[in-house]
Visitor: 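Quick one: the structure is below, questions incoming.
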There are 2 protein chains.
Amino acid sequence: MRDEVDGLVEAWRAERPDLDIEPLQVLSRVSRLARHLDRARRAVFTEHGLEPWEFDVLAELRRSGPPYEMSPGRLLRATLVTSGTMTNRIDRLATAGLVRRHPDPADKRGVLVRLSAEGQERVDAALSALIEYEESLLGEMPPAERERLATLLRSLLSPLDEPAPEAGV
Amino acid sequence: MRDEVDGLVEAWRAERPDLDIEPLQVLSRVSRLARHLDRARRAVFTEHGLEPWEFDVLAELRRSGPPYEMSPGRLLRATLVTSGTMTNRIDRLATAGLVRRHPDPADKRGVLVRLSAEGQERVDAALSALIEYEESLLGEMPPAERERLATLLRSLLSPLDEPAPEAGV
DNA sequence: CCCGTTTCTCTTGATATCAAGAGATATGCT
DNA sequence: AGCATATCTCTTGATATCAAGAGAAACGGG
């Protein structure tokens, strides 16, 4: 078994024999796998009429539970985009009929963004398709190895969990 | 030990009990870890006066070995950007004195992009710093576990290695 | 040898993002 | 109470990217 990174590591070893590039064996694979996943997710979402950024926002609302309603501020912190970007995203999602803006009764500066019935259907269908795809990608890997992999990745990820707010997918 | 994804999985389980979202345990961690890595790499490169995209291009040239020279076409396939983007990148790298364009003696349509001495110094320093950071990130993990992790990731990555051309970082 | 096709780089136009800031309301300290 | 500061959303201007295509040179079959 051989992948992109084996070639990468070989080339660096030849050109930079002074450096021990062994960390790339793990971390370069993480980055490259993530790039492939991004492309695949885009393809899956496209089949369900959603852009990745649309899924991100709708999934955040869906995951928050009834009444599927959050402020733009919370949404932008959860999805790690700027306020200008979130305004633009909500505009387009509202135009598409997937969310609706309501004034916030508790804060006259603010609005609340609520998932529409169609928005919920779309994000539910897209998530199901995503999980199906991801399951097929892991298909060959036995449960014990999946758990080992998840555990090892968690040990790398958890120290990076800063005072950051929320989640994404 | 607990990370972002544990919370994510919990929330989905509550809202979508019909779905088995177990694949997220692995693949969501891959994506989120990659996002953290991107941010950290950006910080490391900034200390060495490089943007991530600058490092991508310069590293590609550096890794190709002497005379550190490639066509724009090969570079754009290697870094997975469009030709317009690569033209723009080479323009800016040339203005910064990190690469130089030369006519290709073997093909009058083409040019060759060559790493300058300063370009090489910069990319070498940035790579050293990157590896140092990545080593610190893996710091706690014993070599045997690193290898297990690399092996598991390779088994996911290698089927995705399509008839794609080259490499990146 | 010639002409259609491919390959190569660069240009153009559209778009999503970010950084910075504006305007309105809420909050808290004295 | 009152005033300064913080918070919230949206606007503006700049930028990097992509998709599509133009122009020039190379290639290859008849």
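Every chain is numbered from 1, with letters handed out A, B, ... down the list of sequences.
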Visitor: Could you please spell out the steps behind the side-chain hydrogen bond (donor to acceptor under 3.5 Å, both in side chains) verdict for A:Thr82 and A:Thr85?
Guide: CA-CA 5 Å; A:Thr82 62; A:Thr85 298; 3.2 Å; yes
Visitor: Between A:Glu135 and A:Arg146, is there a salt bridge with N-O shorter than 4.0 Å?
Guide: yes
Visitor: I want to confirm an ordering. Mapping B:Asp107 and A:Asp107 to their closest nucleotides on DNA chain C, which one lands closer to the 5' end?
Guide: B:Asp107
Visitor: Let's see if you can work this out: which of C:dT9, D:dC8, D:dC10 has an atom nearest to the side-chain heavy atoms of A:Arg77?
Guide: D:dC8
Visitor: If the cut-off is 4.0 Å, is A:Arg89 near the phosphate of C:dT17, judged by side-chain N/O to OP1 or OP2?
Guide: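 Yes, A:Arg89 has a side-chain N/O under 4.0 Å of OP1/OP2 on C:dT17.
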Visitor: Would you kindly give the CG-to-P distance between A:Asp91 and C:dT15, to the nearest whole Å?
Guide: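 So the two atoms are 15 Å apart, to the nearest Å.
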Visitor: Would you say the side-chain atoms of A:Arg62 pair up with the backbone N or O of B:Glu15, donor to acceptor, closer than 3.5 Å?
Guide: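 Looks like yes, one N/O pair under 3.5 Å.
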Visitor: Nearest to the side chain of A:Thr82, heavy atoms from C-beta on, is which of C:dA19, D:dT17, C:dT9?
Guide: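 Nearest to the side chain of A:Thr82 among the choices is C:dA19.
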Visitor: Which whole-number value in Å describes the distance from B:Leu76 CG to C:dC8 P?
Guide: 9 Å
Visitor: Whole Å only: how far is the CD atom of B:Glu51 from the P atom of D:dT15?
Guide: 13 Å
Visitor: Atom NZ of B:Lys108 to atom C1' of C:dT9: distance rounded to whole Å?
Guide: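 Nearest whole value for this atom pair: 17 Å.
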Visitor: Within this structure, what is the CE-to-P distance between A:Met70 and D:dT9, rounded to whole angstrom?
Guide: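 To the nearest whole Å, that distance equals 11 Å.
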Visitor: Consider only side-chain N and O atoms of A:Ser31 and B:Arg41, and report whether a donor and an acceptor are under 3.5 Å apart.
Guide: yes
Visitor: For C:dT17, take OP1 and OP2 only and decide whether either is under 4.0 Å from a side-chain N or O of A:Arg92.
Guide: yes
Visitor: Considering only side-chain heavy atoms of A:Asn88, which listed nucleotide, C:dA16, D:dT9, D:dT17, is closest?
Guide: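 Nucleotide nearest to A:Asn88's side chain: C:dA16.
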Visitor: Please determine if a side-chain N or O atom of B:Thr85 lies less than 4.0 Å away from the OP1 or OP2 oxygen of D:dC18.
Guide: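 So the side-chain polar atoms of B:Thr85 do come within 4.0 Å of the phosphate oxygens OP1 or OP2 of D:dC18, strictly under.
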Visitor: When you measure from the side chain of A:Trp53, which nucleotide among C:dT17, D:dC8, D:dC10 comes out closest?
Guide: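 Nearest to the side chain of A:Trp53 among the choices is C:dT17.
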Visitor: Rounded to the Å, how far apart are A:Leu75 CG and D:dC8 C1'?
Guide: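 A:Leu75 atom CG is separated from D:dC8 atom C1' by 13 Å.
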Visitor: With distance as the sole test, does B:Ser71 use its side chain to make a donor-acceptor pair with the main-chain N or O of B:Arg74 at under 3.5 Å?
Guide: yes
Visitor: Regarding B:Gly73, tell me which of base, sugar-phosphate or nothing describes its non-hydrogen contacts under 4.0 Å with the strands shown.
Guide: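 B:Gly73: backbone/sugar contact only, no base atoms under 4.0 Å.
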Visitor: Below the 4.0 Å mark, does C:dC10 have OP1 or OP2 next to a side-chain nitrogen or oxygen of B:Arg101?
Guide: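 B:Arg101 to C:dC10 OP1/OP2: side-chain N or O found under 4.0 Å.
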Visitor: Starting from P on C:dC8, measure out to CG on B:Leu112 and report it in whole angstrom.
Guide: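 Taking CG of B:Leu112 and P of C:dC8, I get 12 Å after rounding.
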Visitor: Which nucleotide sits closest to the side chain of B:Arg109: C:dT6, C:dC18, D:dC18?
Guide: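 The listed nucleotide nearest to B:Arg109's side chain is C:dT6.
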Visitor: Can you check the B:His102 NE2 to C:dT9 P distance for me, whole Å?
Guide: 15 Å
